[in-house]
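Encoded as structure tokens, the structure appears first; notes follow it.
Counting from 1, the numbers follow the sequence of the chain as shown.
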Amino acid sequence: MLELIPFLLERLGIMIILAFILAQWGPTRRVLKQPEAGWQFGLLILFFATYGILSNYTGVKVDLAKFLPHTWLDEVNGTSAIANTRTMIVVISGLLAGPVGGTITGLLVGIHRYTLGGFTAFACALATVIAGGVSGCLRAYWRDRLGSQALLPICLTGFLMIFEMSLILLLSDPFPAAIELVQFIFIPMTIVNVLGVWLFLSIIRLAAREEEHVRAREAERSLHIADLTLPYLTRGLNIQTAEAVADILLQQTRADAVSLTDQSVILAHLGVGSDHHQAGGQWTTRPTEHVLMDGQLRLVTDRDDIGCPKSDCPLQAGIIAPLTIGGTTVGTLKVYYPHPDVLDAVEVELIEGLAKLFSTQLALGNAERQAGLLKDAEIRALEAQIHPHFLFNAINTIYASCRTDVEQARSLLLELSTFFRSNLQGARSTKIPLQKELEHIEAYISLEAARFPNRPFVDIDLSDGSEQLLVPPFILQPLIENAFQHAFSPGQTGYVGVTAWTTADQLVLEVVDNGCGIAPERLARLGREVVASNGTGTAIFNTAERIKSLYAEKGAFRLTSQPGEGTTITIHLPLETGKEMLHAHDSN
């Protein structure tokens, strides 16, 4: 009995080596990551069915008390049987592909086992089909498929081995031979199949974690680069800022050269080829023209694709990504490499992500410049209050999330993009739909919640149709921020409610918190003058003054508070529809 174990371990080693090689292959990782999706599901079944059939062929032929360690089986006669790792394969298939996938894999592998013959052929085939189905049904209880929960697969494999041995005893003839066979193969096959399940799932788990770590490192690198380039790109896209950004990218990436252009000229080119690709010169490559026209990233994989008119240009391959503001392509980021083989998926995603971050930074800078041109002084003050500290705090929060939760970092980047897109739209308009203001608030809340998990709970309640009505930009967000900063002591949780409803001729907005309240002497000054605080002290005053200047007697701003009970801010605005403006913003 024990002499069978080394031969089974030898077969298991072959299967595990093959599993390790396949797990390092990109397409295999994608299939294992999304086994439910269309063609991936079929490919996963084919993968494990082939694996199971190979396990049948490489099994150890056993004839009662002796075994024949053949390397390839084509037929099993008389009272012979096969000791192999078939159960391991169908268990893993069921856990990854579910009941349908597990059953189909078990059926294909079981039928093949039946065709090989032997007095246990039917029992082994039936056990294989049932093992695939049972494993698939238990998939729902194995919550973390690529995680560290190995107890269920190990116990399941042990149970299925006992079940297979029971079927051999019940269905195989002659019965004495079945008893002798089970005594000989049960313990070795159980040990090897349990060990195989654990090793196989460990390989898959390690491969998945390795990919996650790579993506986390790249996300961290992207945010680090974005943090370095932020002081430059917020000043706009020009020769000085482009050269600084190109120098940072050349140091932080594997690129041989980095170039930035606007819609007509090269703003900066550092690295190889800088002798003839010079700042101020016309970009002459066709891929750059295409990117500027359609706003889509391009890969160039040879010198002809780059299209440089100089015959001995050293640039061989590169990535050209668009830089956009408000849906309009205003320039390109071009990163060149010494060889096309460097253009792997990770590098492409890095440059594409950086281009989007740079676009956000350009949009942010543009929003700040637009704010300086607005006649409404209150909007300028609010923009100055929002941008600097909030942006750096948000970037630091996302930077930290990349180490612990890549998916959260991705979600926060989207919220940051929404936040600054709202800033940009607000800076261009004196009135925006209430819906856009609420999107701005929700993005702000999400970013703040990531920094301070104990932030007060915020509830937003709108009456039907009020989301289309026009309000001044930044009319509510500063009040929410003010409540976060002043209504609650550090670490204290609470409630902030935002409500909107309409009367006959007015839109009513109300911001309520259950914080510490405001002392009567301070309450008398708020909204009427700038009051000293640990912020700028202008949020409530500016909001009240803007309403007064925009609406005169048609608008109202009222602040009520009880110490220890909370504060209520009520805003009355005249009804103004915002459907046309909403369509205009969406088209951008």
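- With Phe48 as reference, Leu96 is the one residue of Val91, Leu96, Ile53 to meet the side chain to side chain contact (heavy atoms under 4.5 Å, CB included) rule.
- Considering only residues two or more places apart in sequence or on other chains, Ile179 meets the side-chain contact (heavy atoms from CB on, under 4.5 Å) condition with Leu169, Phe175, Gln183.
- With values rounded to the nearest 0.5 angstrom, Ile45 atom CD1 is found 4.0 Å from Ile104 atom CD1.
- From Lys436, atom NZ reaches atom CD1 of Ile441 across 14.0 Å, with rounding to the nearest 0.5 Å.
- In this structure, CD1 in Ile168 is found 11.0 Å from CG in Leu126, a value given to the nearest 0.5 Å.
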Pair Ile225-Phe358, side chain to side chain contact (heavy atoms under 4.5 Å, CB included): steps then yes or no
CA-CA 10 Å; Ile225 294 173; Phe358 291 171; 4.1 Å; yes
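- Shortest non-hydrogen contact noted between Thr229 and Ile248 is CG2-CD1, 3.9 Å.
- In this structure, Pro153 and Leu201 have side chains that are in contact, with non-hydrogen atoms separated by less than 4.5 Å.
- Here the side chains of Leu357 and Leu233 are not in contact, with every heavy-atom distance at 4.5 Å or above.
- Heavy atoms only, all atoms of each residue included: Glu352 and Leu297 are closest at CB-CD1, 3.8 Å.
- Under the 4.5 Å side-chain criterion, counting only non-hydrogen atoms from C-beta, Val182 is not in contact with Met189.
- Taking the side chain as every heavy atom from C-beta outward, Phe119 and Leu181 approach each other to under 4.5 Å.
- The minimum heavy-atom distance linking Leu350 with Ser222 is given by the pair CD1-OG, 3.0 Å.
- Under the 3.5 Å distance criterion, the side-chain polar atoms of Ser55 are left unmatched by any main-chain donor or acceptor of Tyr51.
- Side chains of Leu156 and Val197 form no contact here, defined as non-hydrogen atoms less than 4.5 Å apart.
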Determine, step by step, whether Thr120 and Arg113 satisfy the side chain to side chain contact (heavy atoms under 4.5 Å, CB included) criterion, reporting the C-alpha distance in whole Å, the side-chain angles of both residues, the deciding distance to 0.1 Å, and the verdict.
CA-CA 10 Å; Thr120 64; Arg113 170 62 188 91; 3.3 Å; yes
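- Applying the 6.0 Å contact sphere to CZ of Phe122 captures no more than 12 heavy atoms from other residues, nucleotides or ligands.
- Side-chain N or O atoms of Glu437 include one that pairs as donor or acceptor with a backbone N or O of Leu476 at under 3.5 Å.
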Do Cys402 and Leu223 pass the side chain to side chain contact (heavy atoms under 4.5 Å, CB included) test, and can you show the C-alpha distance, the side-chain angles, and the key distance before you say yes or no?
CA-CA 9 Å; Cys402 288; Leu223 289 172; 3.4 Å; yes
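- Taking OG1 from Thr105 and CZ from Phe47, the interatomic distance works out to 10.5 Å, rounded to the nearest 0.5 Å.
- When all heavy atoms of Leu152 and Leu138 are compared, the closest pair comes out as CD2-O, 4.1 Å.
- With sequence neighbours left out, the side-chain hydrogen bond (donor to acceptor under 3.5 Å, both in side chains) criterion links Tyr337 to Glu347.
- Atom CD1 of Ile111 and atom CG of Leu116 lie 12.5 Å apart (nearest 0.5 Å).
- A side-chain donor-acceptor contact under 3.5 Å links Asn193 to the backbone of Met88.
- Under a 3.5 Å cut-off, the side chain of Gln361 and the backbone N or O of Ala226 do form a donor-acceptor pair.
- Proximity of Ser135 to Val90: side-chain heavy atoms (C-beta onward) are nowhere separated by under 4.5 Å.
- Applying the side-chain hydrogen bond (donor to acceptor under 3.5 Å, both in side chains) test to every pair with at least one member in residues 154-168, sequence neighbours left out, gives these pairs: Arg86-Glu164, Thr87-Glu164.
- When every heavy atom of Ala123 is checked against every heavy atom of Ser172, the shortest pair comes out as CB-OG, 4.0 Å.
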Please assess Leu364 against Leu230 for the test side chain to side chain contact (heavy atoms under 4.5 Å, CB included), listing each intermediate value before the final yes or no.
CA-CA 10 Å; Leu364 169 62; Leu230 179 64; 4.2 Å; yes
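- Note that CG of Asp459 and OH of Tyr495 are 4.5 Å apart. Values are rounded to the nearest 0.5 Å.
- The shortest non-hydrogen separation linking Ala355 to Leu323 is O-CD2, 3.7 Å.
- Here the rule is side chain to side chain contact (heavy atoms under 4.5 Å, CB included) with Val496, and of Ile460, Asp513, Val512 only Asp513 fits it.
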